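Index from 1, following the sequence. Predicted, not measured: the structure shown is a model, and the values here were computed from it.
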Amino acid sequence: MPSTILEFVVLFAAAIPVIFYLLAIYSSYRYFRQSRDQSGENLDFTPPISNLKPVRGLDADAYGNFASFCQQDYPEYELLFCVTDQTDPSVPVIQKLIQDFPARKIRLLYSSGHTAINDKVAKLRLMEREALYEYLVINDSDVRVDSQYLRRVVGPLRDPKVGGVTCFYVSSGEKSFVEKLQTIGMISDFYAGVLVAWQLDGVHFALGPTMVSTKQRVRGFGGFQVLENRPADDLLFGRLIAEQGVEVKLLPYAVETVPDFKGVGELSGEAVAVDDGDENNAAMGTLWAALYLGVAVDNPRRFGAPPR
């Protein structure tokens with residue numbers, strides 16, 4: 001009898017991943033089938049935008065990443081970069097960008113004196129205050145986009161029931177085994193969890209490479225200062241917007257990120273760093289994706305964040 005119970009327990013444990021991936025396949029099918037008919041909507045909705053880009057250090061091919069945001073097919077927008085101080089290695093690159101694209105509204109801000117445990121959010125708080133426009137697009141420094149990016153990510157906000165927008169991201173130009181491993185983990189595990197969360201509970205999170213909303217929604221949850229000393233700021237950003245009774249839209253669209261992992265140790269370090277608020281890692285695994293996206297943001301105290 002004990003051996004029968006043990007066999008049942010082992011069989012049940014072995015079946016859990018199969019059940020999860022069947023649910024992931026079904027969720028993916030429903031998501032992309034539903035999204036296919038909506039991909040071209042609202043491209044003519046073009047309110048003025050402030051694009052906020054917190055920067056720390058110099059990513060691989062940083063100039064190319066930054067320049068892609070200067071080549072947008074969009075009528076009115078500004079680019080705000082924020083670094084800690086003038087010693088940041090990205091400063092000469094941003095200054096060259098300003099010289100090369102004189103027709104674009106580009107500003108460089110310094111966050112020295114605006115400190116917080118989460119340096120990225122401290123920069124966002126400063127940029128949101130300095131932004132000229134109501135509509136905010138936030139992206140990481142390692143992101144590269146096509147010329148239709150701003151139209152695509154802002155378009156859903158035409159619907160007053162939509163308060164936030166986010167989208168997928170994929171690594172481009174993987175060269176090393178570690179970079180390819182990250183991409184495999186991101187697509188097979190992380191995004192499986194994202195789509196299962198979408199199927200079961202809707203989108204109550206955002207993905208750091210693209211977060212879109214308005215000043216009104218940011219102020220509605222108390223401003224970026226609410227996130228300054230909390231981990232997983234991107235996930236909580238989306239959650240706090242959804243709690244205002246509006247939808248967070250996950251687009252069937254992906255931006256590119258430039259990989260920069262030098263070894264397996266660095267990749268595994270990124271996985272651990274997510275619990276400390278690092279939003280750039282995608283190779284997390286099925287358990288983290290399913291539980292964290294679906295449950296952890298509802299219960300931040302369990303995962304190391306202070307209670308709201």
Side-chain angles (χ1 to χ4, degrees), residues 1-36 166-171 174 176-209 231-232 234-236 238-239 242-243 247-252 254 257 259 261 263-305 307:
M1 184 66 176
S3 61
T4 303
I5 296 175
L6 179 60
E7 289 173 359
F8 176 79
V9 170
V10 171
L11 182 62
F12 177 76
I16 291 175
V18 176
I19 295 171
F20 174 81
Y21 277 108
L22 287 175
L23 181 57
I25 292 170
Y26 173 71
S27 302
S28 301
Y29 170 76
R30 282 202 66 240
Y31 173 78
F32 287 106
R33 183 181 182 185
Q34 174 181 307
S35 300
R36 183 173 51 194
T166 192
C167 71
F168 297 101
Y169 56 101
V170 295
S171 294
E174 302 97 333
S176 69
F177 170 76
V178 173
E179 291 169 352
K180 293 177 181 178
L181 183 65
Q182 185 218 14
T183 299
I184 292 171
M186 177 172 62
I187 294 173
S188 64
D189 281 344
F190 183 72
Y191 285 160
V194 167
L195 292 174
V196 168
W198 169 83
Q199 170 68 31
L200 296 180
D201 193 37
V203 180
H204 297 272
F205 54 86
L207 302 177
D234 50 352
L235 302 182
L236 289 170
R239 184 63 181 182
E243 286 180 349
E247 179 185 356
V248 177
K249 194 84 169 178
L250 176 64
L251 296 181
T257 59
F261 294 106
V264 176
E266 187 174 336
L267 179 60
S268 62
E270 285 288 312
V272 173
V274 169
D275 286 333
D276 295 325
D278 188 328
E279 73 285 359
N280 290 321
N281 178 68
M284 291 310 302
T286 300
L287 184 60
W288 182 90
L291 294 181
Y292 197 94
L293 290 173
V295 179
V297 180
D298 284 324
N299 301 276
R301 187 180 298 184
R302 287 193 211 170
F303 292 80

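Rounded to the nearest 0.5 Å, atoms CG (Leu6) and CG (Leu11) are 11.0 Å apart. Atom-to-atom distance recorded for Phe168:CZ and Leu250:CG is 4.0 Å, nearest 0.5 angstrom. Atoms OG and CD, from Ser28 and Gln199 in turn, are 10.0 Å apart once rounded to the nearest 0.5 Å.
Nearest heavy atoms, Leu195 versus Ser27: O-CB, 3.4 Å. Summarising the geometry of Ala197 relative to Phe205, their closest heavy-atom pair is CB-CE2, 4.0 Å, with the distance given to 0.1 Å. The minimum heavy-atom distance between Trp198 and Tyr31, with the atom names listed, is CH2-CA, 3.4 Å. When all heavy atoms of Cys167 and Leu207 are compared, the closest pair comes out as O-CD1, 3.5 Å.
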Notebook entry, point to check: For Leu22 and Tyr26, what are the C-alpha separation, side-chain angles and deciding distance, and is it a side-chain contact (heavy atoms from CB on, under 4.5 Å)?
Noted result: CA-CA 6 Å; Leu22 287 175; Tyr26 173 71; over 6 Å; no
Checklist line | Residues Phe190, Val194; criterion side-chain contact (heavy atoms from CB on, under 4.5 Å); working and verdict | finding: CA-CA 6 Å; Phe190 183 72; Val194 167; 4.0 Å; yes
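Remark: Tyr29 engages Arg33 in a side chain to side chain contact (heavy atoms under 4.5 Å, CB included) (not counting sequence neighbours). When the side chain to side chain contact (heavy atoms under 4.5 Å, CB included) test is applied to Leu200, the partners found at least two apart in sequence or on another chain are Leu23, Val196.
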